[in-house]
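Here's the structure, in structure tokens; my notes come after.
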Amino acid sequence: MKLRIINGPNLNLLGKREPEIYGGHSFEEYFKELQSKFGNIELSYIQSNVEGELITYIQEAATDCDGVILNAAAYTHTSVGIGDAVAAIEIPVVEVHISNTFSRESFRHQSYISAHAKGVILGFGLQSYDLAIQSFL
Ligand code: DQA
């Protein structure tokens, strides 16, 4: 099985960025752990701070992956375009968030992605990604 993790804006700063919310590990470190834990899955990972690039990555994943794990970060709450991209593709998309967005500011309670996602996993720290992978198994 081929799964692609697509991370949105500022997630390249994990480990340095607001560690009390997002933890002290970089995503690159954590991704290595995921790869060794799920050796039977072909996992790939890509990150962008640019909305249009994320839309392209979602469209591309649909042509060569079995599923997407998407943390669109702040664009979750603003991007009709990313929501439309998730709705447009045939493969399942699991929306993830590191933090529990519902326990934070009210603007984070809105998601343009959730309605089109297979499911949503949030609030378990980086482990949200692990749980999302398990949901595909
Ligand atoms: C986030 C939650 C978003 O509200 C925020 O803008 C992020 C990260 C999370 O993983 O908890 O950048 O998606």
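Ligands are counted one by one from 1 in listed order, and the atoms in each one are counted from 1 as well. Starting from 1, each residue takes its place in the sequence as its number.
- Looking at Ser111 and Thr76, their side chains come closer than 4.5 Å, going by heavy atoms from C-beta outward.
- With sequence neighbours excluded, no residue forms a side-chain hydrogen bond (donor to acceptor under 3.5 Å, both in side chains) with Glu20.
- Between the side chain of Asn71 and the main chain of Asn7, no donor-acceptor pair closer than 3.5 Å is present.
- Partner of Tyr45 under the side-chain hydrogen bond (donor to acceptor under 3.5 Å, both in side chains) criterion, out of Gln35, Arg4, Glu28: Glu28 alone.
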Pairwise, report which nitrogen or oxygen atoms of ligand 1 are under 3.5 angstrom from protein nitrogen or oxygen atoms, and how far apart they are.
{"unit_1": "ligand 1", "atom_1": "4 (O)", "unit_2": "His77", "atom_2": "NE2", "d": "2.7"}
{"unit_1": "ligand 1", "atom_1": "4 (O)", "unit_2": "Arg108", "atom_2": "NH1", "d": "2.9"}
{"unit_1": "ligand 1", "atom_1": "6 (O)", "unit_2": "Ala74", "atom_2": "N", "d": "3.2"}
{"unit_1": "ligand 1", "atom_1": "6 (O)", "unit_2": "Arg108", "atom_2": "NH1", "d": "3.0"}
{"unit_1": "ligand 1", "atom_1": "10 (O)", "unit_2": "Asn71", "atom_2": "ND2", "d": "2.8"}
{"unit_1": "ligand 1", "atom_1": "10 (O)", "unit_2": "Ile98", "atom_2": "N", "d": "2.7"}
{"unit_1": "ligand 1", "atom_1": "11 (O)", "unit_2": "Ile98", "atom_2": "N", "d": "3.2"}
{"unit_1": "ligand 1", "atom_1": "11 (O)", "unit_2": "Ser99", "atom_2": "N", "d": "2.8"}
{"unit_1": "ligand 1", "atom_1": "11 (O)", "unit_2": "Ser99", "atom_2": "OG", "d": "2.6"}
{"unit_1": "ligand 1", "atom_1": "12 (O)", "unit_2": "Arg17", "atom_2": "NH1", "d": "3.1"}
{"unit_1": "ligand 1", "atom_1": "12 (O)", "unit_2": "Arg17", "atom_2": "NH2", "d": "2.9"}
{"unit_1": "ligand 1", "atom_1": "13 (O)", "unit_2": "Asn71", "atom_2": "OD1", "d": "2.8"}
{"unit_1": "ligand 1", "atom_1": "13 (O)", "unit_2": "His97", "atom_2": "ND1", "d": "2.8"}

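- Each ring pair (Phe, Tyr, Trp, His ring centres under 6.0 Å) pair with one or both residues in residues 65-84, not counting sequence neighbours, would appear here, but there are none.
- For residues 113-137, the pairs satisfying ring pair (Phe, Tyr, Trp, His ring centres under 6.0 Å) are Phe27-Tyr129, with sequence neighbours left out.
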